K.L.:
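Questions regarding the structure given below will be posed in turn.
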Amino acid sequence: MALFRRRRSTDSTDSTTAAAEFWDAWPSVREALAEAVESDRPAPTEVSERVTALVQAIHPDMGWEVGPAPEPTGGIEDLDLSVDVDPNKLLEQLAALDDPSRLTGGPAHALTLRPGTSEEARVQSERWARSAPDDDQWVFQPVRPADHGSLSSTLRWDDHELDLSHASVSIRVDHATGRIDVGVYHPDNMFLSEETRRRLAEHVTLLALGEDDAVRWIGRTAALNEPPLDPLPPTSMPAVVRQMADMLGGVGGWVTLQGRVPLQGTMEVLLRHPVTRRDFPAFTLFVHVIVPYAHMDEDRSPTDESASALEDLETRITDVLGDNGTLFMRQTVGGRRDYRYYLDPDSGVLPEFEAVLTEWPEGEIRLRSRLDPSWSQFDAARRPFRRQLGE
């Protein structure tokens, strides 16, 4: 049997306790918040102050909001085509395109946390959402999603009624920083204060991209006093973001690098790029696995029998992890394959992960794990390849 060597860190339980306290209090504020959504009025002050205190106990930078649950569109653009998507989930999405009624009849209300630009707050909002109880009337969102429907609605702000369908944007890609600068024009900007124009520009950007993508990709947002020379609808911004991601990364968000290591032979590295903390906010448990293989060629790369066994092992690990963990990097050189995974430590999936590894027949597997909320282990592993990644 393989020998497992593990180094554990002690994670603070304050935020976990705060999330549990939130859900314990949820039944006492649920109805008042639902009535506020249905009447389109603010929640009672006492209820609002209590929810604010509960949310800020999870993280002091966190805000919150309630509103109608987002309406699923069921369009092809909403399909999750990432390499990590659950095949069963994708099949359900494809089936829903033929039967839109399957996408209706969901929750009526949404409670959304607002972590803003704080990465730590985003981690905690994800854990809060993952620990939410089942509720057929509410959807619990860890971050504000994009809302293109609202980009054609009328917004009342500072005694002004603003028809957002008249908004247009200019987009400039900054290749040096891998960010996008956005200018937002509205015909009523001339009547608005500088602060209101700024808030409106940020609001339009947020509706177009959602909170996560705005933090990932937007470098600067500015209000424009004149129409852009090449105006675009705000709804075009996600396409620009996808083009930026494709330009910076490899196929399907992965980059493959190859080289030779003296005395060890050919080295192949597969790593996620680009990847940001926003992509997997709940994954803070780092797991490093070293798997030896017995069948190799003269370059010490795995040949058919070992290559097939490794592929089968990776498939079984992926099935076990589901949405509770993912591979970040794989390095093959000198008769061994190193895997670097990150897992959700609250999911309890690590023992199942280990159980899959004990079945390996081609040598002793080594494993170590530690809590690593900042992804410092992944950053250190990818540092030698930054030049090849264009950083």
Side-chain angles (χ1 to χ4, degrees), residues 15 17-73 103-118 121-122 124-165 167 192 195-196 198-212 214-215 281:
S15 60
T17 301
E21 291 175 351
F22 181 98
W23 296 122
D24 286 343
W26 172 243
S28 66
V29 298
R30 178 182 183 275
E31 293 306 318
L33 293 177
E35 290 175 6
V37 175
E38 292 165 1
S39 63
D40 195 22
R41 294 180 180 177
T45 300
E46 181 180 353
V47 173
S48 179
E49 289 178 350
R50 186 177 187 196
V51 174
T52 297
L54 289 166
V55 167
Q56 292 189 344
I58 299 173
H59 195 280
D61 293 338
M62 200 96 74
W64 64 279
E65 61 190 25
V66 292
E71 296 181 5
T73 62
L103 295 176
T104 62
H109 316 305
L111 171 59
T112 305
L113 296 195
R114 298 295 308 280
T117 60
S118 168
R122 181 65 182 90
Q124 302 308 332
S125 74
E126 186 72 16
R127 289 181 173 170
W128 167 86
R130 283 172 169 250
S131 64
D134 292 334
D135 192 317
D136 60 3
Q137 291 300 309
W138 284 87
V139 60
F140 304 107
Q141 302 180 137
V143 68
R144 179 187 270 196
D147 182 3
H148 287 188
S150 292
L151 288 170
S152 59
S153 66
T154 298
L155 174 70
R156 178 173 286 278
W157 224 342
D158 295 345
D159 297 325
H160 294 276
E161 280 197 0
L162 304 170
D163 185 348
L164 296 187
S165 67
L192 306 177
E195 174 64 17
T196 301
R198 180 190 64 79
R199 289 168 53 208
L200 177 61
E202 292 176 349
H203 184 69
V204 168
T205 302
L206 186 64
L207 292 177
L209 291 177
E211 200 165 358
D212 276 345
V215 172

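This is a predicted model, so every value here is computed, not measured. Positions are given from 1, in the same order as the sequence printed here.
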K.L.:
With heavy-atom distances below 4.5 Å as the criterion, would you say the side chains of Val139 and Pro70 are in contact?
P.N.:
yes

K.L.:
Drop me the distance from Arg198's CZ to His203's NE2, to the nearest 0.5 angstrom.
P.N.:
13.5 Å

K.L.:
Which atom names give the shortest non-hydrogen contact between Asp147 and Ser150, and what distance separates them?
P.N.:
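Minimum heavy-atom contact is OD2-OG, 2.5 Å.
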
K.L.:
Compile the donor-acceptor pairs under 3.5 Å between side chains in residues 25-35 and protein atoms, sequence neighbours left out, one pair per line.
P.N.:
residue	atom	partner	partner atom	Å
Trp26	NE1	Asp135	OD2	3.4
Ser28	OG	Ala25	O	2.6
Ser28	OG	Arg50	NH1	2.7
Arg30	NE	Asp135	OD2	2.7
Arg30	NH2	Asp135	OD1	2.9

K.L.:
To check you understand the geometry: which heavy-atom pair defines the closest contact between Ala146 and Ala208, and what is its length?
P.N.:
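Closest pair (atom of Ala146, atom of Ala208, distance): CB-O, 3.7 Å.
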
K.L.:
Determine the minimum heavy-atom distance between Trp157 and Leu162, stating which atoms define it.
P.N.:
CB-CD1, 4.3 Å

K.L.:
What I'd like to find out is whether the side chain of Arg122 reaches to under 4.5 Å of the side chain of His59, using heavy atoms alone.
P.N.:
no

K.L.:
Rounded at 0.5 Å granularity, tell me how far OG1 in Thr154 sits from CD in Glu161.
P.N.:
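These two atoms lie 6.5 Å from each other.
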
K.L.:
Could you tell me the separation between the OG atom of Ser153 and the CG atom of Leu207, rounded to the nearest 0.5 Å?
P.N.:
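Between Ser153 OG and Leu207 CG, I get 7.5 Å after rounding to 0.5 Å.
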
K.L.:
Is the shortest side-chain heavy-atom distance between Leu113 and Pro142 below 4.5 Å?
P.N.:
no

K.L.:
Can we say Glu202 and Arg199 salt-bridge, meaning some charged N sits less than 4.0 Å from an Asp/Glu carboxylate O?
P.N.:
no

K.L.:
Is Trp64 close to Ser125 at the side-chain level, that is, under 4.5 Å between some pair of heavy atoms?
P.N.:
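No, every pair of side-chain atoms sits at 4.5 Å or beyond.
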
K.L.:
Check whether any side-chain heavy atom of Glu211 lies under 4.5 Å from a side-chain heavy atom of Arg114, and answer yes or no.
P.N.:
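A side-chain contact exists here, since the closest heavy-atom pair is under 4.5 Å.
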
K.L.:
Please determine which of Val55, Leu54, Leu111 meets the side-chain contact (heavy atoms from CB on, under 4.5 Å) test together with Trp128.
P.N.:
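Going through Val55, Leu54, Leu111 one by one, the side-chain contact (heavy atoms from CB on, under 4.5 Å) with Trp128 is satisfied by Leu111 alone.
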
K.L.:
Do Pro68 and Val37 come close enough that some side-chain heavy atom pair is under 4.5 Å?
P.N.:
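A side-chain contact exists here, since the closest heavy-atom pair is under 4.5 Å.
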
K.L.:
Output all residues satisfying salt bridge (Lys or Arg N to Asp or Glu O under 4.0 Å) with Arg130, sequence neighbours left out; order by chain, then residue number.
P.N.:
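Here the qualifying residues are Glu126, Asp344.
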
K.L.:
Give, for atom CG of Leu164 and atom NE2 of His148, the distance between the pair rounded to the nearest 0.5 Å.
P.N.:
12.5 Å

K.L.:
Report yes if some heavy atom in the side chain of Leu206 is under 4.5 Å from a heavy atom in the side chain of Arg144; otherwise report no.
P.N.:
yes

K.L.:
With side chains defined as the heavy atoms from C-beta onward, is the minimum distance between Thr112 and Phe140 less than 4.5 Å?
P.N.:
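No - every pair of side-chain heavy atoms lies 4.5 Å or more apart.
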
